[in-house]
Amino acid sequence: MRALTVRPGGDGSLGVEEVGEPKPAAGELLVRGVALGVCGTDREIASGAYGQAPPDRDRLILGHESLGRVAEAPHGSGFAVGDLVAGVVRRPDPEPCGACAHGEFDMCRNGRYRERGIKELDGYGAELWCLETDYAVRVDAGLGLAGVLMEPTSVVAKAWEQIERVGARAWFEPRSVLVTGAGPIGLLAALLGRQRGLDVHVLDRVTDGPKPDLVRALGATYHSGAADDVFAAVRPDVVVEATGAGRLVFDAMRGTAAYGIVCLTGVSPAGRSLTVDAGTVNRDIVLENDCVVGSVNANLRHFRQAAGALARADREWLHRLLNRRVPLEHATRAFEPSADDIKTVITLEGGAD
């Protein structure tokens, strides 16, 4: 069978190659790949920035944003041949830390977790893959190819869960949310905000193209002006920061209403310096009971939350996010981003639409 593989740590090693077909162990599904989402993490692994192959090999099957169709299922598993499924990305430590032992492996304390397509475990970028039933999540059949959005949506579902848990420390009835960044994470964060009945605002740099239209189609407000002006006008109760841009991170900390919550989901590049008035930032956070929380990855609970959120979403809107589709035989083209990209998808099987 064909698979998208890379030699972690080696730039230029990405390619589609023939590999042996997997054989499911007890308690595993055999899944035929339908589609694979491509994100910045995949591109960084392909560039040699990081990633780790399984212990006995030097190449890694890439891909963690999965969608597949069950080809074989164990008796009594609750899955049937033909079901659409997505695979959870992270696995707990072999000798689990406290968080992993309690099913919160997205909060691993010692870093010994493994991740499909990223760290020590082959990913989902293949025509066939195996998946433990305990880490499989059924995808609404009506979503079709849009089911590949499960993994980024799970990350956003966790972010909203964190926001709501922090808010629950006192009376919390947010009315407005500002999402910074209109990439897949930002747009999906806006979707889940609208599903919560909030007044949603999205800030991004572009002034035309698909992003403003997608925001407006949600019934949200799109902004492309200066961040200070947008924060002053909106005074959001919640900010979901999805860019990792250092200046915007500090703008968000200063720009919320009292009892504001900032959830950071973007990863900032290291080595860039900013001059900020740290005293004022600290004063505002303390005196207004604000909170800043980081959120990354997802566990099984968040994947199930994502499945529900996608099932409730407008199908046409979701499919508009998948604005670039590349067949497996040309998969390396998916790692050459274009200006209008929102979500690039590698198609592994026909008939998912």
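Start at 1 with the first residue, then count along the sequence.
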ask   = How about H302 and N297: does a side-chain donor come under 3.5 Å of a side-chain acceptor?
value =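 Per modelled atom types, H302 and N297 side chains form no pair under 3.5 Å.
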Atom of [X], atom of [Y] and distance for their closest heavy-atom approach:
X    : Y    : result
L178 : V202 : CD1-N, 4.2 Å
D83  : G78  : OD2-O, 4.5 Å
L187 : W317 : O-CH2, 3.7 Å
A331 : V16  : CB-CG2, 4.0 Å
Y50  : P8   : O-CB, 4.3 Å
A71  : V81  : O-CG2, 3.4 Å

key: Residues R91, E120: salt bridge by 4.0 Å N-O rule   =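 Here R91 does not pair with E120 in a salt bridge, since their nearest N and O are not under 4.0 Å apart.
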message = Assess whether a salt bridge exists between R301 and E104, defined as any Lys/Arg side-chain N lying under 4.0 Å from an Asp/Glu carboxylate O.
response =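 E104 and R301: salt-bridged.
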Minimum side-chain heavy-atom gap [X]-[Y] below 4.5 Å:
X    : Y    : result
T221 : V215 : no
C291 : R169 : yes
V38  : E65  : no
S295 : L264 : no
F172 : I261 : yes
L310 : D140 : no
H64  : E115 : no
L321 : L214 : yes

query = Nearest 0.5 Å, what's the CG-CZ distance between L191 and R312?
reply =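 Nearest 0.5 Å value for the CG-CZ distance: 9.0 Å.
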key: Point-to-point distance, once rounded to the nearest 0.5 Å, from CG of L67 to CG of L36   =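 Reported value, rounded in 0.5 Å steps: 10.0 Å.
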So, [X] side chain and [Y] main chain: donor-acceptor pair closer than 3.5 Å or not?
X    : Y    : result
D122 : L60  : no
K119 : G51  : no
R138 : R304 : no
R109 : M107 : yes
E18  : M1   : yes
Y124 : G68  : no
D42  : C39  : yes
E28  : L30  : no
D237 : G260 : no

message = Please evaluate residues V206 and Y222 with respect to the criterion side chain to side chain contact (heavy atoms under 4.5 Å, CB included), reporting the C-alpha separation (whole Å), side-chain torsions for both, the decisive distance (0.1 Å), and the verdict.
response = CA-CA 10 Å; V206 301; Y222 186 84; 3.1 Å; yes
With a cut-off of 6.0 Å (strictly less than), are more than 12 heavy atoms of other residues, nucleotides or ligands near [atom1] of [X]?
X    : atom1 : answer
R32  : CZ    : no
R175 : CZ    : no
E17  : CD    : yes

request  = Could you check I346 against F335 for side chain to side chain contact (heavy atoms under 4.5 Å, CB included), going step by step and ending with a plain yes or no?
outcome  = CA-CA 10 Å; I346 298 169; F335 291 77; 4.2 Å; yes
Using the rule that Ile, Leu, Val, Met, Phe, Trp and Tyr join whenever any side-chain heavy atoms are under 4.5 Å apart, tell me whether [X] and [Y] fall into a single cluster.
X    : Y    : answer
L192 : L198 : yes
L4   : L322 : yes
V230 : V249 : yes
V85  : L121 : no
L84  : V137 : yes

key: Partner set under side chain to side chain donor-acceptor pair (under 3.5 Å) for D251, not counting sequence neighbours   =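 By the side chain to side chain donor-acceptor pair (under 3.5 Å) rule, D251 matches R254.
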task = Verify side chain to side chain contact (heavy atoms under 4.5 Å, CB included) between Q305 and W160, making sure each step is shown before the conclusion.
result = CA-CA 10 Å; Q305 292 169 1; W160 274 107; over 6 Å; no
key: Candidate pair L131 and R116, rule side chain to side chain contact (heavy atoms under 4.5 Å, CB included), full reasoning   = CA-CA 10 Å; L131 179 63; R116 296 288 298 257; 4.2 Å; yes
request  = Report the C-alpha distance between D58 and R7 in whole Å, list the side-chain angles of each, state the deciding distance to 0.1 Å, and finish with yes or no for salt bridge (Lys or Arg N to Asp or Glu O under 4.0 Å).
outcome  = CA-CA 6 Å; D58 65 349; R7 182 178 295 105; 3.5 Å; yes
key: The single option from V292, V177, T256, L248 passing side-chain contact (heavy atoms from CB on, under 4.5 Å) against V239   =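 The passing option is T256.
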Which donor-acceptor pairs under 3.5 Å do side chains of residues 145-159 form with protein atoms, sequence neighbours excluded?
residue, atom, partner, partner atom, Å
T153, OG1, L149, O, 2.6
S154, OG, E151, O, 2.6
K158, NZ, D106, OD2, 2.8
K158, NZ, V296, O, 2.6

